[in-house]
Every structure is written in C-alpha cells, then in structure tokens.
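Here the structure comes first, spelled out in structure tokens, and everything after it is commentary.
As the structure is a computational prediction, the values presented were derived from the model and not from experiment. Heads up: numbering here begins at 1 and tracks the sequence.
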Amino acid sequence: QVQLVESGGGLVQAGGSLRLSCATSGRTASFISMGWFRQAPGKEREIVAAISSNGGMTFITDSVRGRFTISRDNARNTVYLQMNSLKPEDTGVYCCAADELYMRLIRKGPNYWGQGTQVTVSS
C-alpha cells in the first residue's frame with residue numbers, strides 16, 4: 001500500500017510559478033513510478049508528467065513541455081512538479097499518482113492517487 005500526501009497548490013497570476021510536492025510512504029515507496037494528472041472543470045483528466053522509480057525515464061505532455069519539470073528525491077520519497085510560466089488554461093485540480101509500473105501509470109492509469117490540490121491561475 002502506498003500513501004501520497006500532496007502540497008503546493010494555490011492561486012497564482014499568469015506568468016507565475018508554483019511547485020507541487022508529493023511525499024510517498026509505504027513498503028514500495030522507493031521503487032514506485034510517480035506522476036501528476038490534472039482535470040479542469042468540464043474537461044477530462046489528463047496526464048501532465050511522470051517519472052520512473054529511478055528517475056531515468058520521464059514524460060511531459062506537449063502543452064506544458066518547456067514550462068513544467070518533474071523530478072524526484074528518492075532519499076525523501078518525494079516527487080516534485082515545478083510549474084513555470086503558468087497560464088490560465090493550466091487551472092485545475094492536480095493529483096499526484098503512483099504505480100509499481102511506469103508504463104501502466106502512463107498508459108492504463110495508476111493504482112494509487114493523492115487527494116488532489118487546486119491550482120488556479122488568474123489572468
């Protein structure tokens with residue numbers, strides 16, 4: 001069982017930055033792939049970024065590439081999403097997610113979810 005605890009959401013002006021954090025705990029926390037999903041009102045949930053257990057593989061969706069960066073600190077069992085140059089269309093609920101398998105996290109949906117944190121970008 002993996003537990004995810006998120007922090008870092010909030011309100012920011014367009015062009016600003018936020019850093020989301022997701023701390024993991026549990027038996028497999030050090031070996032799990034992690035990622036971030038988001039969902040805006042009236043829109044379907046989409047994957048934003050993902051990172052493999054050792055950090056060797058990453059995924060960044062096209063709409064945020066060059067602005068967002070995913071990283072992890074395995075010593076702290078924490079994954080980060082650095083969000084720069086934020087746009088109003090980035091507004092949504094951001095959820096940390098994890099899975100034992102990197103490809104299942106990306107392609108089929110993760111086994112574990114955090115509670116979600118609201119990110120609001122004002123124009």
Quick one: does [X]'s side chain get under 4.5 Å of [Y]'s, heavy atoms only?
| X | Y | value |
| --- | --- | --- |
| Glu100 | Ser33 | no |
| Tyr94 | Met83 | yes |
| Met34 | Thr24 | yes |
| Thr117 | Gln115 | no |
| Thr69 | Leu81 | no |
| Leu20 | Val119 | yes |
| Ile70 | Tyr80 | no |
| Arg38 | Val64 | yes |

List the atom of [X], the atom of [Y], and the distance in Å for their closest heavy-atom pair.
| X | Y | result |
| --- | --- | --- |
| Ala98 | Pro110 | O-CB, 3.3 Å |
| Leu86 | Arg67 | CA-NH1, 3.9 Å |
| Ile60 | Phe68 | CD1-O, 4.1 Å |
| Cys22 | Leu4 | SG-CB, 3.8 Å |

Residue pair Arg72, Asn74: steps toward the side-chain hydrogen bond (donor to acceptor under 3.5 Å, both in side chains) verdict:
CA-CA 6 Å; Arg72 68 187 300 154; Asn74 283 348; 2.6 Å; yes

Thinking salt bridges, do Lys108 and Asp99 make one under a 4.0 Å N-O criterion?
no

Backbone of Gly116 reached by a side-chain donor or acceptor of Glu6 within 3.5 Å:
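A pair under 3.5 Å: yes.
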
Thr78 side chain to Arg76 main-chain N or O, any donor-acceptor pair under 3.5 Å?
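Yes, because the side chain of Thr78 sits within donor-acceptor range (under 3.5 Å) of the backbone of Arg76.
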
Using the side chain to side chain donor-acceptor pair (under 3.5 Å) criterion, which residues pair with Asn54? Sequence neighbours excluded.
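Counting only residues at least two positions away or on another chain, Asn54 forms a side chain to side chain donor-acceptor pair (under 3.5 Å) with Ser52.
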
Contacts of Arg45 meeting side chain to side chain donor-acceptor pair (under 3.5 Å) (sequence neighbours excluded), chain-then-number -> none

Considering residues, nucleotides and ligands other than Arg65, do more than 12 of their heavy atoms fall under 6.0 Å from its CZ?
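For Arg65, atom CZ is crowded (more than 12 foreign heavy atoms under 6.0 Å).
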
Between Thr91 and Gln118, does a side chain to side chain contact (heavy atoms under 4.5 Å, CB included) hold up when you go through it step by step?
CA-CA 8 Å; Thr91 294; Gln118 178 71 40; 4.0 Å; yes

Which ILVMFWY residues are connected to Met103, directly or by a chain of links, through side-chain heavy atoms under 4.5 Å apart?
Phe37, Ile47, Met57, Phe59, Tyr102, Leu105, Ile106, Trp113

Are Trp36 and Val12 connected in the hydrophobic side-chain network, where two residues link if heavy atoms are under 4.5 Å apart?
yes

